[in-house]
Each structure stands twice: as structure tokens, then as C-alpha cells.
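Just follow the structure's listing: the first ligand is 1, and inside any ligand the first atom is 1.
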Amino acid sequence: MRILPEISRTFGEYLLLPNLTEDGCTPDHVDLSAPVVRHRVGEASPLRIAVPMVSAIMGAVSSPRLAIALAQCGGLAFIHQNQPIAEQAEMVAAVKRHKAGFRHSDINIKPSATLGEVGDLLAAAERDVAVVTDDGSPGGTFLGLISTSDFNVHRHDLGDSVESRMRPAAGLATAPTGISLSDANTLIWDARQDVLPIVDEDGRLASIVLRRDYELHKQFRKESIDQDKRFAVGAGVNTHDYRERVPALVAAGADVLCLDSSDGYSTWQSNVLQFVRERYGDAVRIGAGNVVDGRGFRYLAEAGADFVKVGIGGGSICITRDQKGIGRGQASALADVVRERDAYARETGQYVPLCSDGGVLHDSHMAIALAFGADFLMLGRYFARYEESPSPLVRVDGQLYKEYWGEGSQRARNAARYGQGKTLVFEEGVDGYVPFAGSLYDNVSVTLAKITSTMISCGSTTLRQFHETATAVEVSHQSYLQNSEDVRLRDRANAIV
Ligand code: IMP
């Protein structure tokens, strides 16, 4: 047996030293964009993201709703693979369908439905307006709109029909198919409507344009979109049914795939990479992992991985280290793999981006991971806490939480990820709750402000510069205790986090 001389360390054991911050190094000059897939050194990656965050390939994290929100903010979601191929492909297709401009109408109701029914529909979807069509389908004849301000549980009989309270089509602005997005947005403002129905010449609903999308588009200038202006989205695949899953995801429009496994240093992963290369050449991009040392990186890079994911055992819901004794502190794993990535780039002229996966407990850990050389970060717990994640919102002891469970938990039973055969014999993850943290949009912007601020302190305006010039130092336990040791904290309800 070989025993490595150094200790396995996590992000929390390091701090960064400031470098000289020069005049131009201000937040508006900081570029957080990152390469996602392999490219020649000195050239641009064919897939970049404006914000170096991707969502974990997990059922509690990556749904179409979260994928859309994250793409709007400049990141990328990976739709989870622990579900039938057709369902995963449909989730990918739903993200691609959801244009920021003209969108498929997903909240529709018949005029004969009751106010109670439309109220339930809106509450479940957390939306304010439903579109009324003759048959309640997204392609039915457009009849009107009904919103939460059109009826009230105290003033109206919830058994009354939608028709009795809807705003009928005759009094609403609509637009014909073929209208430009910019004209549609002008109409929305002129008509003071939140929703502009787009109808074909037969009066059937074709799509809708939302005032909120316009506002979000103006707010989020960095959205991740493909060449057709559809949101970018990734998808997980496994080493079992890839011959069927990969083609279905490609057909659904996935922009990039990623092998989803707790341990990616295997010939199984190499076989999948070979399959993708033989079938699609470079037209389909696929990441692999997870690995925790240079050997694993080199193996997957040589097998053709477009990016490599780093991390075993560091996830917040992970118990792999206890169960199997496998893993490595995320900071040590990353430092080792970064060395190998850079050596590989020097030798081959190919830059294979690294994704640091899991183990981020504080926003500062993201900055440290990026300083250590990660190109982008995969986050589970971080995104699970937001209202856009698919997991249920629950109240525990009076506090709001989102449920969050590991893919190796009994709840997920993701046997394909854990190489335990057809069923999960023992658990590698827990099933729990994380504090509800509100909207992804608000939180991501605060996190990015923190990462930007760290980079400025380190005198960097790009992630590349940050990788090259950051200096990390190990911290003693005592130096952490020093903060606030003798200060009693006030109520943090109004604190800026
Ligand atoms: P987090 O961001 O610390 O919550 O970690 C998320 C990462 O944990 C995921 O991207 C996976 O790599 C990993 N993961 C997900 N489910 C499990 C599990 O059940 N056991 C171990 N690791 C898991």
C-alpha cells in the first residue's frame, strides 16, 4: 500500500492572501466566465458560461424550473439521470422549449373549471395568471385570462366557473403569430398586461409573452443560451443505459452531457466516452468523473472527456467516506487534479476544464475552489435551498426547509451512480432538510458579488488570472475561533448575508 505524505484538506482549512489591487480592478471589470468543455490552449472553449456555477445532477436539485432560472443567471443545470430516459429527455426539452421570449403556455384552464380549481392550479405552480382556452390545453382557442387578482376566497364562491370571473379575450390585447419579440414587449407595456397571448389566425393559442420575462431579460444580461437563443442545459448519463439515453438527450437538445458517478476512474466511463466519440465526433460534448487525483484525471482526459469532475465524499449529504472509506478532502483533491490538468495542457495543447463538485458550505468556499484552479463549480445543497428547486418546501419546528436527499440515499435509490448493481444494497447518502433560502436569483447575485469581491482583493479580473496569482494559506483552528469570540451577536434577522 502507498500512503500519501500530505493530509487530506477541505476548503475551510484555507484562506487567501490579498494581492495588490490596481486601479482598474473593480466589480464592473471582473469577468467570471468559464470554459465548460475541452479546447485548444489559447483558443476559446466552444461552450462557456458567464457564471462558473452548475447545478448537481440530483433529483432534489435539477429540474426544468431550476435549469431555466440558473441559465438566466448565466450558469448551467444538469438534469438528473435517475429517472426513465423519456422523462429526463422531456425535462431537457421543456428547458429548450421555454424561450425567454415566446414561451409555451403551461398554466391553462377550461372556462367551465371552478375558481377553486384554478386557485389550486396557480398555487401549485406558484404563478399568478392562467390562460383560459376552450379545452384547457396550451393549443386550444384563446378565451381569456384569469389571475389571482380576479377572484378572492372571501368574496367569491369557489364553486363558480372560471368564465364568471375571467377577463375575456375581447377586452384583452393579443398578438398574431409572427410578431417580433420587441413589438410583443411594447404591446405588453401599452396594454398594461402581465401576459400577452400570441394567437394564430384561427384564434388558437400559440404561445405567450410575459412581462416578467422581459424584466428578467433586462436584469440578467448574462443568460446562458444556445445559438437559437434557447436556454442552455446539461444532462447526466450513466454507464449502463447510455446507448439509449445519450441519443434521446441529444435529440431533446441537451447542450452538454456529464457522466454521473461517485467514482469515475473506471473503464466503464471510458467505454461511454468512446461510444460518444465514435457516434458523434466532437458534436456532442460530455464530461466525466468523479476523480480525486491526477491519475483519475489523466485517465479520463485521455479517454476523451470534455471536462472532468472532481470530488468524492465531500458532498453535504454524502456518507461515502463513512460507508466505504473512499474519498479525499476537496481542496487536496482539487490541488492534485489541477496540477495534472495543467501538465496535460502543456503536453498536449488541450485544456480540459475542471468542475469542483460538492463540499461548498459557504460562499467563501466557492472563491477558494476557484482560486485553487477549478474552472466551475457543481453545487447541490446550495441550489436545493431555493424556491426554484424541485424538492418540497416543509415546515419543521416553525422554520421553513427544503427537503434535500443524496442520490445514494434510500429515497433516490440511484444504483447506476453507485456501481452497486441493479439495486442499492447500502446507502451512500442521507435524506434531510436544508433551510429554505428564498429565490435563486437573489442568492446567486449575492454569491457572485462575494466571489467578485474576493477576486478584487486578490487583484484578479478573470478566473484565469485568479488561478495563476492567488495564494492560499492553511489556517489554524484557533484563528477561526478568534472572530466574534467575545461579541454577542444581535438578532440576525435583518443582517446582510
Ligand atoms: P453538495 O453541493 O455539497 O450538496 O454536494 C453535491 C454533490 O454531492 C453532488 O453533485 C454529487 O457529486 C454528490 N452526491 C449526491 N448525492 C450523493 C450521495 O447520496 N452520496 C454521496 N455523494 C452524493
Side-chain angles (χ1 to χ4, degrees), residues 10-12 52-62 66 70 75-83 234-238 258-265 269 287-292 296 307-331 333-334 337 354-366 368-369 374 376-386 389 391 401-420 424-435 437 440 443-444 447:
T10 67
F11 296 134
M53 290 179 174
V54 304
S55 66
I57 311 172
M58 296 174 71
V61 179
S62 293
L66 184 124
L70 183 52
L76 187 73
F78 281 87
I79 300 292
H80 72 98
Q81 56 83 20
N82 188 27
Q83 57 180 328
V237 295
N238 62 56
C258 184
L259 274 156
D260 178 27
S261 169
S262 62
D263 170 9
Y265 190 13
Q269 293 225 343
N290 287 7
V291 302
V292 287
F307 64 90
V308 172
K309 210 142 65 70
V310 182
I312 299 179
S316 56
I317 30 51
C318 181
I319 51 172
T320 297
R321 292 177 187 167
D322 296 340
Q323 296 282 65
K324 288 175 47 176
I326 298 269
R328 192 173 194 184
Q330 190 66 6
L334 201 50
V337 179
L354 291 184
C355 170
S356 175
D357 178 13
V360 163
L361 280 179
H362 304 291
D363 290 352
S364 59
H365 293 173
M366 295 192 207
I368 291 172
F376 57 100
L377 315 167
M378 180 168 273
L379 307 155
R381 184 200 60 88
Y382 177 81
F383 288 121
R385 299 173 302 152
Y386 303 143
S389 84
S391 76
Y401 289 85
K402 290 282 272 189
E403 295 186 3
Y404 181 42
W405 58 93
E407 286 299 302
S409 67
Q410 211 47 269
R411 180 164 180 178
R413 291 176 174 274
N414 186 347
R417 183 174 203 273
Y418 291 94
Q420 289 187 30
L424 205 65
V425 182
F426 62 92
E427 290 184 292
E428 290 193 42
V430 297
D431 181 4
Y433 310 106
V434 285
L440 178 147
N443 282 280
V444 165
T447 300

Q. Between atom CG of Asn414 and atom CE of Met58, what is the distance when rounded to the nearest 0.5 Å?
A. 9.5 Å
Q | Per-atom contacts of ligand 1 with Gly358, taking only distances under 4.0 Å to non-hydrogen atoms | A | 1 (P), 2 (O), 3 (O), 5 (O)
Q | ligand 1 versus Met58: contacting region, heavy-atom distance under 4.0 Å | A | side chain
(Q) At less than 4.0 angstrom from any non-hydrogen atom of Met378, what atoms of ligand 1 do you find? (A) 10 (O)
Q: May I ask you to list the atoms of ligand 1 that are less than 4.0 angstrom from any heavy atom of Arg381?
A: 1 (P), 2 (O), 4 (O)
Q.
Which residue is it: Leu440, Val434, Asn443? I am looking for the one with a side chain to side chain contact (heavy atoms under 4.5 Å, CB included) to Phe383.
A. Leu440
Q: Quick one: closest heavy-atom pair of Asp263 and Ile312, and the distance?
A: CA-CD1, 4.2 Å
Q. For atom 23 (C) of ligand 1, which protein heavy atom lies nearest, and how many Å away is it?
A. Tyr418 OH, 3.4 Å
Q: Only heavy atoms count here, so choose which of Gly408, Cys355, Ser409, Gly380 is nearest to atom 19 (O) of ligand 1.
A: Gly408
Q) Short list, please: which atoms of ligand 1 are under 4.0 Å from a heavy atom of Glu428? A) 18 (C), 19 (O), 20 (N), 21 (C)
Q.
To the closest 0.5 Å, what do you measure between CG (Asn238) and NE2 (His80)?
A. 12.5 Å
Q) Which of the atoms of ligand 1 are close to Leu379, meaning less than 4.0 Å from one of its heavy atoms? A) 2 (O)
Q. Would you say the side-chain atoms of Tyr382 and Thr447 include a donor-acceptor pair closer than 3.5 Å?
A. yes
Q: Just jot down the ligand 1 atoms closer than 4.0 angstrom to any heavy atom of Ser316, in number order.
A: 1 (P), 3 (O), 4 (O), 5 (O)
Q: Answer yes or no: are there more than 12 heavy-atom neighbours, outside Tyr433 itself, under 6.0 Å from its atom OH?
A: no
Q: Compute the shortest N/O to N/O distance between Gly359 and ligand 1 and return yes if it is under 3.5 Å, no if not.
A: yes
Q: Locate the shortest heavy-atom distance separating Met366 from Met53; write the atom from each residue and the value.
A: SD-CE, 3.8 Å
**Q.** Gly408 backbone acceptor or donor facing Arg417 side chain under 3.5 Å
**A.** no
Q: Look at ligand 1 and say whether Glu427 reaches it with a heavy atom at a distance under 4.0 Å.
A: no
Q) If you look at every heavy atom in Gln330 and Arg321, which pair is closest and at what distance? A) N-NH2, 4.4 Å
Q | ligand 1-proximal atoms of Thr320, by part, heavy-atom distance under 4.0 Å | A | side chain
Q. Who's closest to atom 4 (O) of ligand 1 heavy-atom-wise, of Tyr404, Trp405, Phe383, Tyr382?
A. Tyr404
(Q) If the cut-off is 4.0 Å to any non-hydrogen atom of Asp357, which atoms of ligand 1 fall inside it? (A) 7 (C), 9 (C), 10 (O), 11 (C), 12 (O)
Q.
Show me which atoms of ligand 1 lie under 4.0 Å from any heavy atom of Gly315.
A. 3 (O), 5 (O), 8 (O)
